[in-house]
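First the structure, in the form of structure tokens, and then the observations on it.
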Amino acid sequence: MVAFASQTLEPERNMTQAADRPTFSVADIRRTFLDFFAQRGHTVVPSSPLVPANDPTLMFTNSGMVQFKDVFLGTDKRPYVRAASVQACLRAGGKHNDLENVGYTARHHTFFEMLGNWSFGDYFKRESLKWAWELLTEVFKLPPERLWATVYHEDDEAYDIWTKEIGLPSERVVRIGDNKGGKYQSDNFWMMADTGPCGPCSEIFYDHGPEVPGGPPGSPDADGDRYIEIWNNVFMQFDMQPDGSVRPLPAPCVDTGMGLERIAAILQGVHSNYDIDLFRALIAAAARETGATDLASPSLRVIADHIRATAFMVADGVIPSNEGRGYVQRRIIRRAIRHGYKLGRKAPFFHRLVPDLVAQMGLAYPHLAANAERVTEVLKAEEERFYETLEHGMEILDAALAGGQTTLPGEVAFKLHDTYGFPLDLTNDVCRERGVAVDVAGFEVAMQRQKEQARAAGKFKMERVLDYGGPDNRFVGYEHLQAQAKVVALYHEGTPVAELKAGQTGIVVLDETPFYAESGGQVGDRGVLQAGSARFEVHDTQKIKAHVHGHHGVVAEGVIAVGDHVTAQVDGARRAATMRNHSATHLMHKALREVLGEHVQQKGSLVDDERTRFDFSHNAPLTPQQVQAIEAKVNAEILANTPTQARVMPLDEARAAGAMMLFGEKYGDTVRVLDIGSSRELCGGTHVARTGDIGLFKIVAEGGVAAGIRRVEAVTGTGALAYLQRLEQQVQAAAGVLKAPAEELVARIEQTQQRVRELEKDLDALKARLATAQADGLAAQAVAVGDVQVLAARLDGADAKTLREAVDKLKARLKRAVVVLASVEGAKVQLCAGVTPDLVAQGLKAGELVGAVAQQVGGKGGGKPDLAMAGGTDAARLPTALASVRDWVAQRV
């Protein structure tokens with residue numbers, strides 16, 4: 001039995017199952033899979049977060065191999081060569097964006113769990129396929145006669161293993177050719193990107209039986225539901241070149257993936273993933289909260305799927321917003337709420353499912369249970385916000401229909417759906433009541449365009465890894481800023497070269513280096529490499545492999561060649577300033593947790609010579625008192641001037657010693673533990689020798705970067721001194737302008753503000769009297785349309801408040817009236833429309849009227865039936881727009 005905290009299994013047990021094979025709950029499957037591979041020498045690795053750590057190429061973790069990508073690329077090395085995991089995955093963007101299908105098909109999900117086992121240059125095809133067959137047929141007891149396999153058409157090795165060693169009949173092993181156009185463009189040939197690691201794969205299919213439509217893999221009707229792929233074994237044995245050719249990898253790897261929900265459906269004797277034990281419980285909870293009675297409703301399936309995705313996203317730090325990951329989160333939440341709305345639920349309900357989800361999955365994923373309260377709060381807030389957007393959406397819809405058109409443009413319907421979360425079906429309902437059609441085709445075009453943009457944005461892109469096969473370099477930068485080194489490799493525009501000439505940019509690899517390569521939020525070092533008269537200016541240092549530093553820069557003088565001996569000199573002043581900021585970051589992290597609470601988690605950092613920028617989870621802005629408390633704690637640590645200590649120790653020992661570890665970071669068997677002041681964290685960065693070397697710590701900025709994520713920026717040392725000196729100069733300058741001593745500045749500003757408020761009050765009174773006088777004169781300009789007095793005129797110099805007051809007074813004076821007043825400032829137009837109550841009762845609405853007028857001056861607007869405001873940007877068209885008011889009224893009375 002494997003004891004592993006992140007894969008501990010929930011207590012919910014089994015459903016009934018066919019008598020000819022054992023019963024497996026979702027929990028059983030997780031445990032059995034991990035036990036099986038642990039017994040075969042695999043290290044059980046916990047699920048990584050849905051947000052990939054240090055990987056800007058992916059929006060979400062969408063497969064089990066994501067956390068091992070650097071291993072396959074050669075930029076990281078693990079202490080094990082075999083691994084197994086159950087990985088939480090999310091596919092709701094890019095090429096995997098099937099959101100609209102979720103709930104309506106048997107196997108589409110946003111969130112799912114992937115069972116996987118990996119070999120990093122250890123075992124290969126034979127062991128991988130034989131173990132897969134053994135687990136499926138001998139442990140899970142699947143009938144062998146129901147299993148099929150596919151192989152790449154050139155992969156004779158895999159074909160022979162299936163047919164000659166495992167004994168799968170040749171008619172059930174299908175060779176899949178290049179069916180996507182071009183060499184290696186096949187469903188059975190996997191590529192990480194356009195170039196780089198790639199190789200054939202072998203998929204295993206389960207036959208649900210002849211009563212289910214569909215044909216075997218490779219056949220014309222293979223898209224049916226009879227034959228379902230359950231496991232994919234990818235054999236990374238090639239390196240794809242830019243010209244489309246492949247080279248053998250020196251250490252072939254194995255990457256497998258099996259969908260937990262799919263195999264659970266098969267083992268539990270059901271056809272749909274939504275009928276497995278886990279989903280049955282969540283669907284029942286969704287029915288309870290919505291009052292639905294039909295448990296087969298697609299809407300309940302949507303809600304059950306989406307609570308998993310959204311809850312895990314919040315637990316991993318993704319908060320609803322209008323961009324990036326937060327935008328995906330918001331769409332999924334609102335889709336779930338929309339389906340609750342369709343079931344008749346008109347008030348927040350979605351967040352109430354969190355306890356049910358935790359009961360099902362909390363033990364398997366402890367961080368979900370630990371963040372359950374926060375998850376509930378975030379989902380509830382988003383629900384409440386969504387119900388508010390229904391009202392906003394109605395205002396937008398009112399304005400769009402104010403011109404009397406008979407069809408609502410598809411772009412408007414899509415904007416309501418996409419920007420305001422306003423469902424298309426609700427838009428249809430409103431338009432139907434008003435006799436207006438919706439351009440659904442135009443809506444679909446806009447939707448498809450957005451999908452294509454999202455697909456392009458989500459496409460996996462990656463720069464080609466430098467072709468470096470040499471030894472690791474020795475990093476001496478903790479102890480020294482200068483070193484004598486040998487040039488072991490040079491690159492120009494990504495290609496290996498023998499030399500770099502003056503003026504050429506490139507990358508230099510040394511056998512040893514004092515230059516720190518960007519990592520853990522700390523920027524890479526700058527400096528120079530000197531070889532006689534040749535001089536290479538290092539502008540940045542980046543890792544090209546786990547223990548190989550690439551020095552990026554330009555040859556300022558002479559020629560740098562492979563084999564040259566150079567003096568490598570780091571920019572000492574920049575390094576010292578960076579170290580001060582990095583060391584202060586650790587002290588600030590601890591202070592934030594002490595002042596704000598243990599819920600504070602690091603969400604990103606950037607440390608350079610100018611400042612430290614630190615992102616963390618917290619729901620509210622920091623108060624001035626909290627900022628001062630944090631500064632006081634950090635500066636107290638600095639004044640204590642305690643020595644800094646860095647030690648390398650086993651990971652378990654570091655954990656036992658209480659070292660702070662960042663959730664989602666990847667750590668090896670040995671780690672570097674930094675003790676600075678009272679802080680103890682894992683860190684590979686460079687730091688000051690004593691806390692007193694930081695000099696001074698000052699927070700200079702605090703704000704939100706996303707819902708639930710705050711950012712603090714701080715300066716130290718000479719940077720803090722310069723910041724305070726600038727503040728002092730500004731104070732002195734302000735004191736000079738106000739002709740007051742600096743110590744009396746606050747009182748003088750308050751006096752000035754009070755005087756400004758008094759003058760503004762006097763000005764408002766004068767405007768009101770002027771508007772009243774003008775309004776009295778405007779009343780005479782009203783014209784009769786039947787028994788209705790219609791007035792449309794300019795009231796220059798009036799602000800919004802004055803316009804509203806004037807419209808109200810004119811309505812009272814004219815009795816049965818429609819009034820539109822406009823104010824112009826430059827090219828901008830401000831409009832106010834008013835309708836008396838008796839005419840509102842007859843169907844004349846100020847919101848529709850002001851919208852119609854605003855459209856003619858390049859604007860839009862809406863509001864209440866008796867009084868509404870709008871704006872525009874084309875004052876030249878105002879006379880025509882005002883003249884149209886009379887006709888608008890005439891058409892309606």
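Please read all numbers here as calculations on a predicted model, not as lab measurements.
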Is [Y] close to [X] at the side-chain level, that is, under 4.5 Å between some pair of heavy atoms?
X	Y	result
E203	W148	no
F349	T290	yes
I176	H153	no
Q360	V26	no
D187	T150	no
F111	I332	no
M447	F414	yes
V375	H351	no

Nearest heavy-atom neighbours spanning [X] and [Y]:
X	Y	answer
S617	R374	CB-NH2, 4.5 Å
V234	W190	CG1-CB, 3.8 Å
P320	E382	CB-OE1, 3.4 Å
A83	H42	O-CD2, 3.2 Å
Q67	P46	NE2-O, 3.3 Å
A149	L168	CB-CD2, 3.8 Å

Step-by-step side chain to side chain contact (heavy atoms under 4.5 Å, CB included) determination, L408 to C431 = CA-CA 8 Å; L408 182 74; C431 290; 4.0 Å; yes
Verify the distance criterion only: is there a donor paired with an acceptor across the side chains of [X] and [Y] at less than 3.5 Å?
X	Y	result
S186	N188	no
H109	N273	yes
H367	D316	yes
N233	S202	no

Keeping [X] on the side-chain end and [Y] on the backbone end, is there a donor-acceptor pair under 3.5 Å?
X	Y	answer
R325	M59	yes
R226	P213	no
T256	N117	yes
Q329	V318	yes
Q87	S48	yes
Q268	D277	yes
T110	R91	no
D255	M65	no
T310	I333	no
K380	E377	no

[X] side, atom [atom1]; [Y] side, atom [atom2] - distance, nearest 0.5 Å:
X	Y	atom1	atom2	answer
D207	I266	CG	CD1	10.0 Å
M114	E261	CE	CD	8.5 Å
I204	L129	CD1	CG	7.0 Å
R352	L379	CZ	CG	12.5 Å
L136	L142	CG	CG	5.5 Å
M191	C201	CE	SG	11.0 Å

Apply salt bridge (Lys or Arg N to Asp or Glu O under 4.0 Å) to K125 and D155, showing your working.
-> CA-CA 11 Å; K125 297 180 184 179; D155 193 357; 2.7 Å; yes
Whether [Y] and [X] form a salt bridge (side-chain N of Lys/Arg under 4.0 Å from carboxylate O of Asp/Glu) is what I want to check.
X	Y	result
E411	R449	yes
D28	R31	yes
R334	E383	no
R172	E145	no

Might you confirm whether atom CD of E171 has over 12 heavy atoms from other residues, nucleotides or ligands at distances under 6.0 Å?
->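 Yes, enclosed.
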Parallel, tilted or perpendicular, as decided by the 30° and 60° cut-offs, for the rings of [Y] and [X]:
X	Y	result
F68	W118	tilted
F140	F24	perpendicular
F37	F33	tilted

Report the C-alpha distance between R288 and D356 in whole Å, list the side-chain angles of each, state the deciding distance to 0.1 Å, and finish with yes or no for salt bridge (Lys or Arg N to Asp or Glu O under 4.0 Å).
-> CA-CA 11 Å; R288 180 194 69 222; D356 300 277; 2.7 Å; yes
Report the C-alpha distance between F60 and V328 in whole Å, list the side-chain angles of each, state the deciding distance to 0.1 Å, and finish with yes or no for side chain to side chain contact (heavy atoms under 4.5 Å, CB included).
-> CA-CA 10 Å; F60 295 106; V328 176; 3.9 Å; yes
Hey, would you say the Y206 and H208 ring centroids sit under 6.0 Å apart?
->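 Yes - the distance between ring centres of Y206 and H208 falls below the 6.0 Å cut-off.
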Salt bridge (Lys or Arg N to Asp or Glu O under 4.0 Å) between R262 and E113: does it pass, once the steps are laid out?
-> CA-CA 10 Å; R262 288 194 177 192; E113 298 177 80; over 6 Å; no
How far apart are the C-alpha atoms of F112 and L260, what are their side-chain angles, what is the distance that settles it, and do they pass the side chain to side chain contact (heavy atoms under 4.5 Å, CB included) test?
-> CA-CA 7 Å; F112 61 97; L260 175 57; over 6 Å; no
Is there a ring-ring contact (aromatic ring centres under 6.0 Å, His included) between F205 and Y227 once you walk through the steps?
-> CA-CA 6 Å; F205 288 75; Y227 298 87; 7.8 Å; no
Step by step, work out the side chain to side chain contact (heavy atoms under 4.5 Å, CB included) result for S297 and L343.
-> CA-CA 9 Å; S297 166; L343 294 172; 3.9 Å; yes
